Amino acid sequence: MEDDNIILETIDVAKWFPLFERGVIRKKLVGYIKAVDGVSIKLPRGKTIGLVGESGCGKTTLSRLIVRLIEPTRGKIIFDGIDITSLSASKMRRLRKRMQLVFQDPYGSLNPRWSVEEIISEGLKVHFHMSPKERHDRVIELLKVVGLEPYHALRYPHEFSGGQRQRIGIARALAVEPELLVLDEPVSALDVAVQAQILNLLMDIKKQFKLTYIFVAHDLSVVYHISDIVMVMYLGKIVEIAPVEEFLKHPLHPYSEALISAIPIPDYGVEKHRIILPGDVPSPVNPPSGCRFRTRCPYAEEKCAKEEPQLIEERKGHMVACHFPLKETKVADWFKKYAEAKGIVI
Ligand code: SF4
């Protein structure tokens, strides 16, 4: 892929949070929570990249690192050719308008004491020289873009439903004209019917403003509908990246196979192979040796405990970190039949 088509690259990015034990006199450092531990990825411009993994796998930490809301412990983050890990605070402030984060919780992410107009125009005040009238007009325009009414500008967050608040959050992110939107589980706190509306809105906006999305989710049920590329994360590492059709037809990592098998589908007369992984995700303080997935992997062998698998291109455009990538999977058959029955092209 041409480098000018890459909007974001991470090189061996890690975030370790120190873990302290309270002593009699002072706190003692007893280890690190390795939330993100060596992620190297290249994300193409103009695509929707679905970042999937169970709770606690590090995907929220990675999304905050990408927009530099938190500082990495090591590694580099390159946005549109600029190494943002070494940028000064003032240069980072100017660049931040090009990358915005939409939070999961539409209830907690809006200041309850500010009107919608104040919330949306905050970024406009920081990043653009505009008169109050120009700012007001822009707020009204943005409200219309996200499907709200001009009179909503005068209201306060508590006067809105969850879906409407998420629309306000999206308008706030759009106000500064970003190129990359990191959407951290933007619909998981919403009712199913409202989820569909917000997803449609996000897809319309992406086309209209030519955005790149990183869409973070804890399962594949939403992601496979809207993503161009799926990126699977497990215990601080990326274990598989592939275009969505390729990913669904030929999952190569055993963890991805289990995630696909968990996509809820109605009964289409297709025999379903649900793979239930044993146990919980191990602690990121002491991850297993070798492959981090080996304690739950149905295909683990001796080598898996000794050597850490690297993320390599196994098929064209399809990367996986596994010593024994899947050759075939019943899950792919099952998903193919389901897709045929439903008329989904995969
Ligand atoms: Fe399973 Fe081994 Fe592959 Fe890890 S490297 S996913 S343990 S087969």
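Whatever order the structure lists them in is the order used to number ligands and atoms, beginning at 1. Predicted, not measured: the structure shown is a model, and the values here were computed from it.
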Cys291 backbone or side-chain N/O/S under 2.8 Å from atom 4 (Fe) of ligand 1: yes

No-hydrogen, no-angle side-chain donor-acceptor test under 3.5 Å, Glu54 and Tyr255: yes

Cluster check Met319, Phe324: I/L/V/M/F/W/Y, side chain < 4.5 angstrom: no

Passing option when Ser289 is tested against Glu308, Lys306, Arg294 for side-chain hydrogen bond (donor to acceptor under 3.5 Å, both in side chains): Arg294

Of Ile66, Val216, Leu69, the residue whose pairing with Leu101 passes side chain to side chain contact (heavy atoms under 4.5 Å, CB included): Leu69

Cys297 neighbourhood, listing ligand 1 atoms whose heavy-atom distance to it stays under 4.0 Å: 1 (Fe), 6 (S), 7 (S), 8 (S)

His323 neighbourhood, listing ligand 1 atoms whose heavy-atom distance to it stays under 4.0 Å: 3 (Fe), 5 (S)

Close-contact set for ligand 1 against Tyr299 heavy atoms, below 4.0 Å: 8 (S)

Cys322: numbered ligand 1 atoms lying under 4.0 Å from its heavy atoms: 3 (Fe), 5 (S), 6 (S), 8 (S)

Cluster overlap Val52 with Leu199, hydrophobic side-chain contacts below 4.5 Å: yes

Ring-ring centroid check Tyr234 His253, cutoff 6.0 Å: no

Shortest protein contact, atom 2 (Fe) of ligand 1 (heavy atom only): Cys304 SG, 2.3 Å

Ligand 1 contact on His253 by region, counting heavy-atom pairs under 4.0 Å: side chain

